Amino acid sequence: MKILSVNAGSSSLKFQLYKMPEEKVLISGLMERIGMDNSFYTIKINGEKIKKEANLENHEKAFEVLVDELKSNNVIDSLNDIKAIGHRIVQGGDYFDKSVIIDDDVLSKIEELSALAPLHNPAAVTGIKAAKEVFPNAILTAVFDTAFHQTIPEENYLYALPYNWYTDYKVRKYGAHGTSHKFVSQRMNEILKRTDTKLITCHIGNGASISAVVNGKCVNTSMGLTPNAGLIMGTRCGDIDASIIPYIMQKTNMDTKQIDNAINKESGLLAISRKSSDSRDIEDGIKNGDKNCILAQKMYVRRIVDYIAKYYVEMNGCDAICFTAGIGENSADTRRDVIKELNVLGIYLDEDANNVRGKERLISTKDSKVQCYIIPTDEELMIARDTLELIK
Ligand code: ADP
């Protein structure tokens with residue numbers, strides 16, 4: 001059976017076609033600059049990457065071009081070969097605690113939740129509507145980044161703010177990257193060969209979050225109402241004193257859009273390093289003795305360690321700490337700097353094992369009280385798995 005996993009952005013469409021249940025990727029790709037001049041797409045098939053220009057005037061057109069590619073590459077004979085399409089949805093609010101088949105009610109709820117994810121949910125709705133047009137016989141599913149976090153208890157998802165902000169405006173912690181935290185924690189349990197585990201999953205990419213997972217259920221996560229909270233990220237500030245916002249707005253006359261832009265796009269590693277949001281550039285800077293990069297990395301690591309320590313205490317111990325996403329999988333330096341700070345808890349790094357990129361591996365020493373692993377994430381596969389479960 002063939003299942004398509006898609007992630008629609010406002011001007012992009014990322015896709016992966018799976019043969020299920022074998023979990024074999026048949027073809028994958030990315031369509032970019034949809035609705036703009038000079039739109040193009042890249043596809044990856046049989047290890048080969050091909051880039052093509054095409055007039056992708058909207059998401060429907062992008063799906064049509066995708067179908068042509070699938071046919072011309074002989075991965076499908078007809079549209080009906082694709083039984084289901086799983087859509088990544090950033091915000092599911094408190095409506096969705098698991099993946100669901102999309103009907104009119106689900107679609108209108110995703111639309112309604114756009115207020116909480118203004119950049120992402122409207123794009124996903126566009127993608128769903130386009131998929132519906134182009135694949136009238138396929139079952140469409142929604143896989144939410146927030147669903148895995150719906151098991152977080154009240155004391156962890158509420159903010160100590162006026163209570164009606166929660167009841168009237170739904171202000172609470174929703175978290176993000178849930179699909180990745182779920183994938184990584186499931187894989188970790190497979191490796192440990194048990195499900196009664198306490199895990200700390202660190203999804204550290206350009207966006208970054210840490211979750212505490214007990215017996216396969218998320219009990220806390222570092223992102224909040226929006227993905228701005230928690231860790232220091234590439235360009236997001238993470239946790240700050242909330243009063244900074246009105247203070248700076250008064251001082252500079254910034255409006256809400258400008259301040260939102262500042263805390264999401266001009267902060268984080270970029271702001272402190274005064275150089276780049278990309279951890280590779282920060283690592284180069286550190287090698288060249290750049291003081292700002294050294295400081296940025298120190299702050300970045302400190303915050304990760306703060307959350308690991310917090311969740312270690314909150315769960316009353318921990319069986320494994322998992323590192324995933326761009327930095328978690330690839331930056332040996334960041335993993336080393338983090339684990340060094342955890343020595344006080346009896347957690348120790350195996351330096352040789354850590355010297356690797358993007359491979360599933362145990363990186364802690366034999367005598368480490370908590371095992372540390374690199375677990376490459378695969379959100380697209382998680383979407384395909386959930387979709388398969390739903391249509392069974
Ligand atoms: P997102 O999905 O949030 O855009 P990713 O998970 O792709 O982010 O992670 C992007 C981050 O991963 C960037 O900061 C990049 O520098 C970092 N990264 C990727 N490869 C490496 C590497 N080899 N060494 C260090 N950092 C890396």
Side-chain angles (χ1 to χ4, degrees), residues 5-16 28-30 32 42 44 88-91 117 119-120 123-124 143 145-146 175-184 201-211 221-223 226-238 264-288 290 292-294 296-297 299-301 303-304 322-339 354-361 363 374-383:
S5 155
V6 302
N7 183 355
S10 56
S11 66
S12 68
L13 185 73
K14 200 172 158 197
F15 65 90
Q16 210 137 40
S28 64
L30 176 65
E32 294 182 74
T42 39
K44 230 167 112 183
R88 177 203 178 199
I89 313 291
V90 164
Q91 182 54 265
L119 295 179
H120 296 102
V143 178
D145 272 8
T146 48
H177 297 140
T179 310
S180 175
H181 289 289
K182 182 177 168 189
F183 180 90
V184 169
T201 51
C202 308
H203 177 110
I204 310 173
N206 191 24
S209 64
I210 297 190
S211 290
T221 197
S222 61
M223 280 178 168
T226 75
N228 184 267
L231 303 177
I232 292 172
M233 300 173 229
T235 59
R236 292 179 214 149
C237 58
N264 282 296
K265 304 227 167 94
E266 296 169 356
S267 299
L269 285 177
L270 175 66
I272 304 301
S273 71
R274 281 157 269 179
K275 183 176 179 163
S276 171
S277 62
D278 191 305
S279 77
R280 285 166 289 203
D281 297 334
I282 306 292
E283 286 178 14
D284 286 347
I286 293 170
K287 280 184 197 114
N288 295 326
D290 183 320
N292 300 333
C293 289
I294 293 170
Q297 178 73 357
M299 290 170 66
Y300 188 78
V301 167
R303 188 72 59 83
I304 295 171
C322 317
F323 292 90
T324 198
I327 297 170
E329 290 170 31
N330 295 302
S331 173
D333 289 0
T334 299
R335 292 190 302 259
R336 184 200 58 224
D337 292 350
V338 167
I339 294 175
N354 184 47
N355 201 3
V356 69
R357 289 188 197 287
K359 289 234 161 59
E360 184 177 294
R361 184 181 277 188
I363 55 167
I374 301 168
I375 309 268
T377 194
D378 195 338
E379 289 158 290
E380 289 78 18
L381 176 57
M382 197 71 242
I383 292 173

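In each ligand, atom 1 is the first atom listed, and ligand 1 is the first ligand listed. All figures in this text were calculated on a predicted structure; none of them were measured in a lab.
Among protein heavy atoms, atom 8 (O) of ligand 1 sits closest to Asn206 N, 3.0 Å. In this structure, the protein non-hydrogen atom closest to atom 18 (N) of ligand 1 is Gly326 O, 3.6 Å. With respect to atom 21 (C) of ligand 1, the closest heavy atom belonging to the protein is Asn330 CB, 3.4 Å. In this structure, atom 23 (N) of ligand 1 lies nearest to the protein heavy atom Arg357 NH1, 2.8 Å. Of the protein's heavy atoms, Ile327 CG1, 3.5 Å lies nearest to atom 17 (C) of ligand 1. Scanning the protein heavy atoms around atom 26 (N) of ligand 1, the nearest turns out to be Ser279 OG, 2.8 Å.
No hydrogens or angles considered: nothing links the side chains of Ser5 and Glu379 as a donor-acceptor pair under 3.5 Å.
Distance alone, capped at 3.5 Å, is enough to place a donor-acceptor pair between the Arg303 side chain and the Gly230 backbone. With Asp278 contributing its side chain and Arg280 its backbone, the two residues share a donor-acceptor pair below 3.5 Å. For the pair Thr221 (side chain) and Ile210 (backbone), a donor-acceptor distance under 3.5 Å is present.
Side-chain contact between Phe323 and Thr334 is absent, with no heavy atoms from C-beta onward closer than 4.5 Å.
Near Gly205, the atoms of ligand 1 lying under 4.0 angstrom from a non-hydrogen atom of the residue are 5 (P), 6 (O), 8 (O), 9 (O).
For the residues Asp278, Asp333, Thr334, Asp284, the heavy atom positioned nearest atom 15 (C) of ligand 1 is part of Asp278.
From Asp145, atom CG reaches atom CE of Met223 across 9.5 Å, with rounding to the nearest 0.5 Å. In this structure, CD1 on Ile272 lies 10.0 Å from SG on Cys237, to the nearest 0.5 angstrom.
Close N/O approach between Ala325 and ligand 1 is not found [any backbone or side-chain N/O within under 3.5 Å]. Residue-to-ligand polar distances keep Glu283 apart from ligand 1: every N/O pair is separated by 3.5 Å or more.
There is no protein heavy atom closer than 4.0 angstrom to atom 2 (O) of ligand 1.
Between His181 and His203, the angle of the ring planes lies from 30° to 60°, which puts this pair in the tilted group.
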